[in-house]
J.: 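Input: one structure, supplied below.
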Amino acid sequence: MGRFGNTRTPISVEQVKEWLNTPNTSVVVRPVVDLAGHQPVDSYEIPDRIRRQVTGRDHHCGFPYCTKPAEACDLDHITPHAEGGPTCPCNLSPCCRGHHRYKTSGRTSYRMLTPGTYHWTLPTGTYLVDPTGTHQLTATPPDED
């Protein structure tokens, strides 16, 4: 059993065999990745094996309501590397470029509750983002003038 990379849908052994017997077709076989593994590295740069682990765990940007595919996102150090945050799946989340910059600007913050589950604090309230989607926890009322 495997997964089709473009749609993330399961594929059968029979389908893989058919592809392998089709002229001018290439099939990439990657090792199984332990999505719960914990192997930090000392550098700021994120190795491919950790990138595959995080994007396999989180299918899209971790920002509330964003659906940008994880493969097209930056990986954000939730606790900045310069502040002691490890380069490890336990401290990395996919964030599309705009949401990554928004978080880095200091206008919002978030933390990982469990791998793939995030608690965000935004000017509009607090949100839980998990594999089932975004859930608004609190709303910040507009300023009354």
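Remember, predicted model here, so these are calculated numbers, not experimental data.
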J.: For Y118 and D58, which I'm curious about, is there any donor-acceptor pair between the side chains at under 3.5 Å?
T.: yes
J.: If we only count heavy atoms from C-beta on, is the D74 to P94 side-chain gap below 4.5 Å?
T.: no
J.: Mark yes or no for whether R57, through its side chain, and P89, through its backbone, hold a donor-acceptor pair below 3.5 Å.
T.: yes
J.: Mind listing the closest non-hydrogen atom pair of C73 and C96 along with its distance?
T.: SG-N, 3.5 Å
J.: Same cluster or not: are F63 and Y110 linked, directly or through other Ile, Leu, Val, Met, Phe, Trp or Tyr residues, by side-chain heavy atoms under 4.5 angstrom apart?
T.: yes
J.: Would you give the length of the straight line joining atom NE2 of H60 to atom NZ of K68, rounded to the nearest 0.5 angstrom?
T.: 14.0 Å
J.: Please answer whether the main-chain N or O of Y65 pairs with a side-chain N or O of T134 as donor and acceptor at a distance below 3.5 Å.
T.: yes
J.: Could you tell me if T121 and T126 have a donor-acceptor pair between their side chains, going purely by distance under 3.5 Å?
T.: no
J.: In Å and rounded to the nearest 0.5 Å, what is the NE2 to OG distance from H77 to S93?
T.: 12.0 Å
J.: Which pair of heavy atoms, one from G62 and one from W120, lies closest together, and at what distance?
T.: O-NE1, 2.8 Å
J.: At their closest point, which heavy atom of R49 faces which heavy atom of V41, and how far apart are they?
T.: NH2-CG1, 3.3 Å
J.: One pair to check against side-chain contact (heavy atoms from CB on, under 4.5 Å): V16 and I11. What are the steps and the verdict?
T.: CA-CA 7 Å; V16 173; I11 55 173; 3.6 Å; yes
J.: As an exercise, state the distance from CD1 of I78 to CG of N91, rounded to the nearest 0.5 Å.
T.: 5.5 Å
J.: Where do P47 and E45 come nearest, in terms of heavy atoms and distance?
T.: CD-O, 3.4 Å
J.: Measure from the side-chain N and O atoms of T22 to the backbone N and O of T25, and report whether any donor-acceptor pair falls under 3.5 Å.
T.: no
J.: Show the nearest heavy-atom pair for residues C61 and C95, with the distance to one decimal.
T.: SG-CA, 3.7 Å
J.: Enter the distance from L113:CG to D130:CG here, rounded to the nearest 0.5 Å.
T.: 9.5 Å
J.: State the CZ-CD1 distance between R52 and I46, to the nearest 0.5 angstrom.
T.: 13.0 Å
J.: To the nearest 0.5 Å, tell me how far D76 CG sits from H99 NE2.
T.: 12.0 Å
J.: Counting distance only, does the side-chain N/O of T55 pair as donor-acceptor with the main-chain N or O of R51 below 3.5 Å?
T.: yes
J.: With respect to Y127, which candidate in T108, T138, L137, L122 satisfies the side-chain contact (heavy atoms from CB on, under 4.5 Å) definition?
T.: L122
J.: Is there a path of hydrophobic side-chain contacts, each under 4.5 Å between heavy atoms of I/L/V/M/F/W/Y residues, joining M112 to L75?
T.: no
